[in-house]
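Working notes for the structure below.
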Amino acid sequence: MKHTPTISAEFEDYLKQNEMTLSQFAEYSGVHQRTLSNWITQHRPISVQQLDRITVAMDLPEGYFYDLYIENYIIDLSPNFRRIEPLLYRCAELDKLDAIRRMVGHIMDNPLYASRLFDVAEALFEQGRHAAALPLYENVAEVEKYQHSERLATCQYRIFTIQVGDDQSRNLKAATLFEPFVERLDEIDQLDALKDLANVFRSLRLWDRLDVIARKMRDKAKIQYTLEHQQKKRNPALEKKLSRPLFVYITYADLLCASVCEAQGNYQQALQYTYAYANLDWVKETDEDTLHWIKQFQDWAEGNTYVYKLLSGDISVLNNYVEYIAASPDASEKEMVTKVLNVMSAANQYSIDIDHILRRFKKKIDLFAQHKPSSDMYTQQVIPEQYARLGYELAYYYLHQGRYNDGFKHLMYAMLKSHIINNETYFINCMGLFLHFRMNAAHETKAKFLNFIEKVWLDNVKKNGSSDRRS
């Protein structure tokens with residue numbers, strides 16, 4: 001039988017090597033001498049706070065003894081949540097995720113701990129320690145998978161939120177696994193869950209699924225908005241729960257339905273949805289946050305009205321749209337990406353010369369390459385996908401103009417972005433465009449593209465475990 005070393009034994013060795021008495025160490029560490037004595041002679045467990053003081057006094061790194069503490073006082077003894085909970089928080093602070101998994105995996109044999117672990121997970125999530133919260137949510141969800149509880153649905157929502165990232169293939173899997181749990185959430189929480197799902201499906205260009213989610217969000221939001229205004233006074237708890245004013249979920253659903261129609265080429269129907277979220281006279285609130293969002297939707301409606309007319313072939317609105325873009329110099333980066341992408345899509349669709357427009361917005365376009373990650377689901381999901389599309393559209397435009405240096409530069413950028421988000425469709429489109437114009441590529445450009453394609457191949461070989469017999 002394997003003998004498990006103990007922290008107390010290492011502590012006693014430390015005292016001997018440093019010729020210290022228990023009294024001296026107690027004074028130095030701030031841990032009572034009686035506590036230390038009972039720990040050594042009677043094998044009484046010490047608290048995590050006491051262990052931290054002992055660790056500091058022994059001049060060891062933070063968390064040095066945590067793995068042994070788990071062995072000595074959690075696995076070898078009956079689990080005690082008074083010891084487990086503070087250790088979970090400390091491991092989260094120190095990013096000791098393996099230690100968290102060991103603890104949680106051991107105690108989840110007892111389903112009574114699920115509720116308390118869920119509370120810890122929620123606290124860690126609120127602190128932004130998502131990686132530490134994830135194994136807690138996963139284990140609680142596993143224990144309660146047959147309960148059909150709201151807590152299970154909340155765990156699945158949190159898991160979805162944490163797992164969504166750069167990889168669109170993984171995002172699709174995360175969204176598909178979470179979607180069946182939406183209806184089990186609290187009716188108010190469902191609105192943000194549907195909004196987040198919608199943004200993932202929008203980034204994946206899964207228009208049928210986006211349409212279903214958007215309509216469902218609108219219907220649920222309308223019900224809640226009606227109920228809210230049937231009451232004599234507003235419910236502050238409801239407002240606190242939502243990430244947006246309640247009316248936003250109705251108008252954002254219209255915006256999403258317009259984007260579905262745009263993708264289907266039904267620009268007239270897209271305009272009808274746009275006119276719907278431009279007219280917000282029905283909104284009863286007048287607070288500052290509401291007025292901000294009303295102004296935001298009216299601004300989006302003005303721009304998208306130009307866009308849908310432009311995409312339907314009305315080239316006469318192009319200059320108006322460009323002036324609309326220019327009149328918003330303080331627009332956020334994500335809005336500028338969308339606006340420039342709209343111009344590029346129309347230019348390539350109708351063979352419009354927009355060199356003067358590209359020169360006008362050159363500085364902003366150059367800044368797009370410095371895109372920074374965001375925790376906001378829209379910025380995190382939709383914008384990276386639009387970067388990849390914009391790179392392709394710019395490359396398409398310049399290559400067909402015979403400006404090959406600019407074209408291949410943007411094409412390389414588009415391929416890189418497509419690879420980062422793991423979007424095979426965009427990557428294949430980029431490769432097809434490169435092959436179509438390969439005869440116009442300089443030797444160095446060809447070498448750069450081929451090296452990158454080989455790197456992508458090798459990454460896939462490594463990830464998928466495929467055969468690789470290179471000499």
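Counting only distance, with no hydrogens or angles, the side chain of R209 and the backbone of F201 share no donor-acceptor pair below 3.5 Å. The backbone N or O of A141 lies less than 3.5 Å from no partner atom in the side chain of E144, so there is not a single donor-acceptor pair. Remark: side-chain polar atoms of S259 are paired, donor with acceptor, to backbone N or O of L256 under 3.5 angstrom. Between the side chain of N342 and the backbone N or O of N304, no donor-acceptor pair lies under 3.5 Å. Formation of a donor-acceptor pair under 3.5 Å by the Q190 side chain with backbone atoms of L185 is found in this model. For the pair H32 (side chain) and A26 (backbone), a donor-acceptor distance under 3.5 Å is absent. Of the possible donor and acceptor atoms, none in the side chain of S37 sits under 3.5 Å from a partner among the backbone N and O of Q33. The backbone N or O of A414 sits less than 3.5 Å from a side-chain atom of S418, completing a donor-acceptor pair. No side-chain donor-acceptor contact under 3.5 Å links D299 to the backbone of K295. Panel note: side chain D52, backbone G63; no donor-acceptor pair is recorded below 3.5 Å.
The closest side-chain donor-acceptor pair between E62 and T55, if any, does not fall under 3.5 angstrom. At a cut-off of 3.5 Å, with distance as the only test, a side-chain donor of H229 or E285 sits close to an acceptor on the other residue. Defined by atom type and a distance below 3.5 Å, a donor-acceptor pair is missing between the side-chain atoms of T251 and D254.
For Y113 and F81, the ring centers sit closer than 6.0 Å to each other. Close placement of the Y73 and Y69 rings is indicated, their centers lying within 6.0 Å of each other.
A tilted orientation is assigned to the rings of W39 and F11, their planes being inclined by 30° to 60°. Using the six-membered ring where Trp is involved, Y137 and F118 have ring planes that are perpendicular, over 60° apart on the 30 and 60° scheme. Between F434 and F449, the ring planes lie parallel to each other; the angle is under 30°, not in the 30° to 60° tilted range. Between F178 and F160, the two ring planes are parallel [angle under 30°; tilted spans 30° to 60°]. The aromatic rings of Y396 and Y392 lie tilted to each other, with the angle between the two planes from 30° to 60°.
In this structure the side chain of R205 reaches within 4.5 angstrom of the side chain of R389, judged on heavy atoms. Between Q230 and T226 the shortest side-chain heavy-atom distance falls below 4.5 Å. The shortest side-chain heavy-atom distance between D167 and I421 does not fall under the 4.5 Å cut-off. By the 4.5 Å heavy-atom criterion applied to side chains, T161 and F125 are counted as neighbours. Within the 4.5 Å cutoff, the side chain of S203 has heavy atoms near those of the Q168 side chain. With contacts defined as side-chain heavy-atom distances shorter than 4.5 Å, the pair L77/R83 qualifies. Taking the side chain as every heavy atom from C-beta outward, Y89 and L124 approach each other to under 4.5 Å. You'll find the side chain of R151 reaches within 4.5 Å of the side chain of S115, heavy atoms only.
Contact record, F297 with L280: CB-CD1, 4.0 Å, taken as the closest heavy-atom pair. In this structure, C257 and R215 approach most closely via the heavy-atom pair SG-CG, 4.2 Å. Contact record, I7 with N72: N-OD1, 3.1 Å, taken as the closest heavy-atom pair. Nearest heavy atom pair, residue V140 against residue A114, reads CG2-O, 3.7 Å.
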Evaluation steps, side chain to side chain contact (heavy atoms under 4.5 Å, CB included), between M103 and C91: CA-CA 10 Å; M103 274 188 287; C91 287; 4.0 Å; yes
query: Between L194 and Y249, does a side chain to side chain contact (heavy atoms under 4.5 Å, CB included) hold up when you go through it step by step?
result: CA-CA 9 Å; L194 289 167; Y249 299 85; over 6 Å; no
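Note on D98 versus R101: salt bridge recorded, some NZ/NE/NH1/NH2 to OD/OE distance being below 4.0 Å. Using a cut-off of 4.0 Å between Lys/Arg side-chain N and Asp/Glu carboxylate O, R129 and E93 are scored as not salt-bridged. Salt bridge absent: D192 and R244 never bring a charged side-chain N and a carboxylate O closer than 4.0 Å. Taking the charged nitrogens against the carboxylate oxygens, R90 and E85 have no contact shorter than 4.0 Å, which rules out a salt bridge. A salt bridge is defined here as a Lys NZ or Arg NE, NH1 or NH2 lying under 4.0 Å from an Asp or Glu carboxylate O, and K417 with E385 fails to meet this definition.
Residues meeting the side-chain hydrogen bond (donor to acceptor under 3.5 Å, both in side chains) test with S47, sequence neighbours left out: Q50.
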